[in-house]
Asker: 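Have a look at this one before I ask anything.
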Amino acid sequence: MTWVQTQFRSKESRIPTAVDVLLPEKRGEKLPVLYLLHDVGENQSYWIRRTQIEAMAEQYQTAVILPQGMNTFYMNTKNQRQVQSFLSKELPNLVEFWFGLRTDAESAAIAGRGMGGFGAAYSCLKHPETFGFAAAFLRKNPQEYYVRAELAREEKVTPQWIWGEQAEWEALGLEAAFCELQKQGKFLDWQSDEGSPNTSWESTCREEQSFLEQVLVHLQKQAGIVGREEGERR
């Protein structure tokens, strides 16, 4: 497994950013790509620290792209941070240029936890030409930051800087759009018992592992790798 760490100034977001990339050692020409997004208060190393994503990327022969999202929910925000444009346009072009990775939607999926789950669903909804499938683990609903000021302060999220006033956020109608995406089989919205008294840190880590495995299996099928390998064996 090759782990590449990059730091550069994004042309789209116009701010310094960081992206980690995991590349299988034995990789063919048709490598599928998983964009994996972190939660509020974390950074691009979250999934590497919490899960066995390195081993899984090797097992499923998948390139994994881990961008930094800060606390933007991966949006083009009201305070002029064009993170969605970076994620959906600039970054795929960069990984194709740097590593020769594919940029077609059939070979790409996007997934994340919490804030990253929202960002994954939104990116797939707005850019189906880039992402063929999205998955969210414990997806956060931005509505919570409008109605729970203490949560916004604790997690250092200012919703007005991201989506504008509450009426502007509600006018987007994203929850209904995400449900439609799910009906089309293009979005996995994974919920959990995390936060209950009986849920341990270890069990949550195991559930994250299961989530990642399901996403990677889906990506293999989406990219046509499973059927192709079975045909080669026959």
Side-chain angles (χ1 to χ4, degrees), residues 1-10 12-25 27 31-75 77 81-84 86-88 90-99 101 108-123 131 134-140 154-157 162 190 192 194-195 200-216 219:
M1 173 60 61
T2 301
W3 177 2
V4 181
Q5 296 174 305
T6 71
Q7 296 186 42
F8 56 96
R9 184 178 179 84
S10 163
E12 288 286 347
S13 65
R14 300 191 297 277
I15 54 176
T17 191
V19 177
D20 286 8
V21 180
L22 300 177
L23 297 169
E25 288 297 329
R27 51 185 182 269
L31 204 64
V33 182
L34 173 62
Y35 294 81
L36 202 49
L37 313 181
H38 64 80
D39 200 355
V40 167
E42 286 288 347
N43 63 26
Q44 73 280 1
S45 69
Y46 174 84
W47 291 100
I48 297 174
R49 290 183 283 109
R50 284 270 298 200
T51 70
Q52 298 176 15
I53 187 59
E54 290 179 83
M56 297 175 80
E58 191 72 59
Q59 177 185 350
Y60 288 96
Q61 289 293 284
T62 299
V64 180
I65 313 300
L66 303 113
Q68 184 184 70
M70 294 166 289
N71 279 11
T72 64
F73 276 72
Y74 301 90
M75 297 284 291
T77 67
R81 290 187 174 183
Q82 307 298 308
V83 178
Q84 175 59 212
F86 164 71
L87 176 62
S88 300
E90 182 180 1
L91 184 56
N93 290 333
L94 284 174
V95 298
E96 180 185 30
F97 176 72
W98 289 339
F99 308 110
L101 297 176
I110 185 166
R113 176 192 170 109
M115 176 187 79
F118 172 90
Y122 184 83
S123 299
F131 307 109
F137 185 85
L138 300 176
R139 177 172 61 89
K140 287 184 174 172
E154 179 184 342
E155 297 194 349
K156 298 181 180 179
V157 172
I162 303 174
W190 185 297
S192 170
E194 188 191 60
S200 66
W201 183 86
E202 290 81 4
S203 65
T204 302
C205 288
R206 287 194 298 270
E207 194 168 3
E208 286 176 329
Q209 283 288 128
S210 298
F211 167 76
L212 288 177
E213 184 167 16
Q214 189 165 334
V215 171
L216 287 164
L219 179 54

Asker: Can you see which heavy atom on N71 is nearest to which on K156, and at what distance?
Answerer: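 So the two residues come closest at ND2-O, 3.2 Å.
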Asker: For atom CD of Q52, decide whether the heavy atoms of other residues, nucleotides or ligands shown that lie under 6.0 angstrom number more than 12.
Answerer: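 Not more than 12 within 6.0 Å, no.
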Asker: Do the side chains of L138 and D39 get nearer than 4.5 Å, heavy atoms only?
Answerer: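 The answer is no, as the side chains (C-beta and beyond) never meet within the 4.5 Å cut-off.
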Asker: Under the rule for side-chain contact (heavy atoms from CB on, under 4.5 Å), what residues qualify as partners of A108, not counting sequence neighbours?
Answerer: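 So A108 forms a side-chain contact (heavy atoms from CB on, under 4.5 Å) with Y35.
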Asker: So H38 and R113, do their side chains get closer than 4.5 Å, heavy atoms only?
Answerer: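 They are not in contact (no side-chain heavy atoms under 4.5 Å apart), so the answer is no.
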Asker: To the closest 0.5 Å, what do you measure between CE (M70) and OG (S13)?
Answerer: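 Separation between the atoms: 6.0 Å.
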Asker: Under 4.5 Å between any side-chain heavy atoms of K140 and E155, yes or no?
Answerer: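 Side chain of K140 against side chain of E155, heavy atoms only: contact under 4.5 Å found.
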Asker: For A136 and R139, which heavy atoms make the closest approach, and how far apart are they?
Answerer: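 Closest pair (atom of A136, atom of R139, distance): CB-CB, 3.7 Å.
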Asker: Determine whether V95 and V19 make a side-chain contact, defined as any pair of heavy atoms from C-beta on separated by less than 4.5 Å.
Answerer: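 Side-chain contact under 4.5 Å: no.
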Asker: Quick one: closest heavy-atom pair of P92 and L87, and the distance?
Answerer: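 Reported closest heavy-atom pair: CD-O, 3.2 Å.
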Asker: Nearest 0.5 angstrom please: I53 CD1 to E213 CD, how far?
Answerer: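 Between I53 CD1 and E213 CD, I get 10.5 Å after rounding to 0.5 Å.
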Asker: For E25 and T2, which heavy atoms make the closest approach, and how far apart are they?
Answerer: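 Scanning both residues, the minimum pair turns out to be OE2-OG1, 3.0 Å.
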Asker: Just how far is it from atom CZ of R9 to atom OG1 of T17, taken to the nearest 0.5 Å?
Answerer: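 Going from the CZ atom of R9 to the OG1 atom of T17 covers 11.0 Å.
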Asker: Kindly state whether the ring of W47 and the ring of F137 have centres lying under 6.0 angstrom apart.
Answerer: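 Aromatic pair excluded; centres sit 6.0 Å or further apart.
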Asker: Say whether, by atom type as modelled, one donor and one acceptor occur between the side chain of E90 and the main chain of E12 under 3.5 angstrom.
Answerer: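 A pair under 3.5 Å: yes.
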Asker: Would you indicate whether the side-chain heavy atoms of P67 and L37 approach each other to under 4.5 Å?
Answerer: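 They are in contact (side-chain heavy atoms under 4.5 Å apart), so the answer is yes.
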Asker: Run the side-chain contact (heavy atoms from CB on, under 4.5 Å) test against D20 and tell me which residues pass, sequence neighbours left out.
Answerer: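 Partners of D20 by the side-chain contact (heavy atoms from CB on, under 4.5 Å) criterion, ordered by chain and then number, come out as W3, Q5, Q44, I48, L66.
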Asker: Let me confirm one number: the CE-OG1 distance from M56 to T51, rounded to the nearest 0.5 Å.
Answerer: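 Reported to 0.5 Å precision, the distance equals 7.0 Å.
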Asker: Please list, chain by chain and in numerical order, all residues satisfying side-chain contact (heavy atoms from CB on, under 4.5 Å) with R49, sequence neighbours excluded.
Answerer: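 For R49, the residues satisfying side-chain contact (heavy atoms from CB on, under 4.5 Å) (neighbours in sequence not counted) are E42, N43, S45, Y46.
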Asker: How close do A120 and A135 get, counting heavy atoms only, and between which atoms?
Answerer: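 Taking A120 first and A135 second, the nearest heavy atoms are CB-O, 3.7 Å.
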Asker: Hey, could you give me the CZ/OG distance between R81 and S10, rounded to the nearest 0.5 Å?
Answerer: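 The CZ atom of R81 sits 11.5 Å away from the OG atom of S10.
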Asker: Which heavy-atom pair separates Q84 from S123 by the least distance, and what is that distance?
Answerer: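 Heavy atoms only, the tightest pair is NE2-OG, 3.1 Å.
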Asker: Answer yes or no: is there a side-chain heavy-atom contact under 4.5 Å between Q7 and P16?
Answerer: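 Answer no - side chains too far apart.
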Asker: Passes side chain to side chain contact (heavy atoms under 4.5 Å, CB included), V4 versus F99? Steps please.
Answerer: CA-CA 10 Å; V4 181; F99 308 110; 4.0 Å; yes
Asker: Distance check, rounded to the nearest 0.5 Å: Q59 atom CD versus M1 atom CE?
Answerer: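 Q59 CD to M1 CE: 10.5 Å, rounded to 0.5 Å.
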Asker: Mind running side chain to side chain contact (heavy atoms under 4.5 Å, CB included) on L36 and V215 for me, showing each step along the way?
Answerer: CA-CA 10 Å; L36 202 49; V215 171; over 6 Å; no
Asker: Check whether any side-chain heavy atom of Y74 sits under 4.5 Å from a side-chain heavy atom of S88, and report yes or no.
Answerer: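 When only atoms from C-beta onward are counted, S88 and Y74 do not touch, as no gap falls below 4.5 Å.
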Asker: Taking the side chain as everything from C-beta on, heavy atoms only, tell me whether F8 gets closer than 4.5 Å to L94.
Answerer: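 Side-chain contact under 4.5 Å: yes.
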